[in-house]
Enquirer: 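Take this structure first; my questions come after.
Hydrogens, waters and symmetry mates play no part in the numbers below; they use all other heavy atoms, side chains included. Note that the numbering runs from 1 along the sequence shown for the chain.
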Amino acid sequence: MPPNNFASRAPGPLYARIRDELRADIVTGTYQPHQRLPSESDLISRYGVSRITVRQALGELEKEGLLFKVVGKGMFVSKPKPFQSLGRLQGFAEAMSQQGHEIYNRLISLKFLPASAKVAQQLCLKEGGLVTELRRVRHLNREPISFDITYLSVSIGERLAKEDLATRDIFLIQENDYGIPLGYADLTIDAVLADAELAELLQVEKDSPILRIERLTHNSDGIPLDFEYLYCRADNFQFRLRVAR
């Protein structure tokens with residue numbers, strides 16, 4: 001592309017236009033994951049701009065997670081992260097299978113135990129009453145992505161104990177098999193450091209930052225159905241949310 005044509009064809013900062021054009025090339029597959037981008041010198045020649053302008057454009061794409069730098073070798077296209085939208089109440093496998101990803105759940109334990117004060121409060125139960133505790137490691141494309149601790153009533157837990165929890169979502173089992181329509185969920189999100197157990201289960205370094213989500217799901221009548229702690233890796237997965245003004 002002749003430099004003058006690029007510089008004059010549209011308004012806006014040059015670095016932003018270079019950024020947008022390279023982003024489009026990445027999204028449409030012109031540049032494949034782990035492919036090396038043209039060098040800074042090549043981009044300077046292609047667009048007829050300064051090195052500062054090219055570096056600003058590349059820096060923006062690196063911040064977005066679309067590029068990563070290898071010292072001495074240049075910029076490379078990142079592998080896209082799978083994502084789940086928080087704007088819709090969906091099971092993990094339900095959302096990921098729609099994107100063509102391979103899902104597997106490793107069941108750690110399914111127990112019936114006394115409800116802690118917090119679990120009892122969330123599920124509107126008496127403290128110390130029996131609840132079902134379900135612990136699973138969710139795998140995405142054969143990599144551990146989250147460690148989930150789920151609390152439900154004993155009556156539902158006894159039925160879930162007979163289900164194929166390795167490949168099926170609890171949400172879909174409750175809706176499709178048990179006839180329990182889901183309503184909505186309340187979420188709280190923060191970050192924690194991985195302790196020794198989390199580090200081992202998620203295959204990350206101890207004290208690595210982990211995203212923690214507390215989710216209380218209600219049925220269509222507004223009655224609490226299950227309460228969960230979701231501990232999610234942040235390096236190979238994203239949550240997304242669209243917020244309207």
Enquirer: Which heavy atom of T28 sits nearest to which heavy atom of A24, and what is that distance?
Expert: OG1-O, 2.7 Å

Enquirer: Output all residues satisfying side-chain hydrogen bond (donor to acceptor under 3.5 Å, both in side chains) with S155, sequence neighbours left out; order by chain, then residue number.
Expert: S153

Enquirer: Check side-chain hydrogen bond (donor to acceptor under 3.5 Å, both in side chains) between E228 and all other residues, then give those that pass, not counting sequence neighbours.
Expert: T150, R215

Enquirer: Just jot down the ring-ring contact (aromatic ring centres under 6.0 Å, His included) partners of Y184, sequence neighbours excluded, or say none.
Expert: H218

Enquirer: Which ILVMFWY residues are connected to F76, directly or by a chain of links, through side-chain heavy atoms under 4.5 Å apart?
Expert: F68, V70

Enquirer: Could you tell me whether D177 and R168 make a salt bridge, using a distance below 4.0 angstrom between a side-chain N and a carboxylate O?
Expert: yes

Enquirer: Using the salt bridge (charged side-chain N to carboxylate O under 4.0 Å, His left out) criterion, which residues pair with D20? Sequence neighbours excluded.
Expert: R23

Enquirer: Looking only at non-hydrogen atoms, find the nearest pair between E163 and R159 and report the distance.
Expert: CG-O, 3.4 Å

Enquirer: Looking at D221, is its backbone amide N or carbonyl O close enough to the side chain of N219 to form a donor-acceptor pair, meaning the two atoms are under 3.5 Å apart?
Expert: yes

Enquirer: How is the hydrophobic cluster of L123 composed, in terms of its other members, when Ile, Leu, Val, Met, Phe, Trp and Tyr link through side-chain heavy atoms under 4.5 Å apart, directly or indirectly?
Expert: I108, L113, V119, L125, V131, V137, F147, I149, Y151, V192, L198, L201, L202, V204, I210, L216, F227, Y229, Y231

Enquirer: Just by modelled atom types, is the G74 backbone N or O under 3.5 Å from a matching donor or acceptor in the R36 side chain?
Expert: no

Enquirer: Can you list everything that forms a salt bridge (charged side-chain N to carboxylate O under 4.0 Å, His left out) with R106? Sequence neighbours excluded, please.
Expert: none

Enquirer: List the residues meeting side-chain hydrogen bond (donor to acceptor under 3.5 Å, both in side chains) with E214, not counting sequence neighbours, and say none if there are none.
Expert: K118

Enquirer: Kindly state each residue pair satisfying salt bridge (charged side-chain N to carboxylate O under 4.0 Å, His left out) with at least one member in residues 49-61, sequence neighbours excluded.
Expert: R19-E60, E40-R51, E40-R55

Enquirer: Between Q203 (side chain only) and E200 (backbone N and O only), is there a donor and an acceptor less than 3.5 Å apart?
Expert: no

Enquirer: Would you say that P144 contacts R233 through its side chain, given a criterion of any heavy-atom pair below 4.5 Å between the two side chains?
Expert: yes

Enquirer: Show the nearest heavy-atom pair for residues K206 and A196, with the distance to one decimal.
Expert: CE-N, 4.1 Å

Enquirer: Taking only residues two or more places apart in sequence or in another chain, which ones pass salt bridge (charged side-chain N to carboxylate O under 4.0 Å, His left out) with D25?
Expert: none

Enquirer: With sequence neighbours left out, write down each residue that passes side-chain hydrogen bond (donor to acceptor under 3.5 Å, both in side chains) with R138, or none if nothing qualifies.
Expert: N105, D148, D169

Enquirer: Decide yes or no for L66 and L22: does some side-chain heavy atom of the first lie under 4.5 Å from some side-chain heavy atom of the second?
Expert: no

Enquirer: Carefully, step by step, assess Q174 and D226 under the rule side-chain contact (heavy atoms from CB on, under 4.5 Å).
Expert: CA-CA 11 Å; Q174 292 182 101; D226 66 49; 3.7 Å; yes

Enquirer: Can you confirm whether Y15 sits close enough to S50 that some side-chain heavy atom of one is under 4.5 Å from a side-chain heavy atom of the other?
Expert: no

Enquirer: For L110, which fellow cluster members are found when Ile, Leu, Val, Met, Phe, Trp and Tyr are connected by side-chain heavy-atom distances below 4.5 angstrom, either directly or through intermediates?
Expert: L89, L107, F112, L130, L134, L152, V154, I156, L160, L165, I170, F171, I173, Y178, I180, L182, L225

Enquirer: Kindly compute the distance separating CD1 (I189) from CG (L187), expressed to the nearest 0.5 Å.
Expert: 5.5 Å

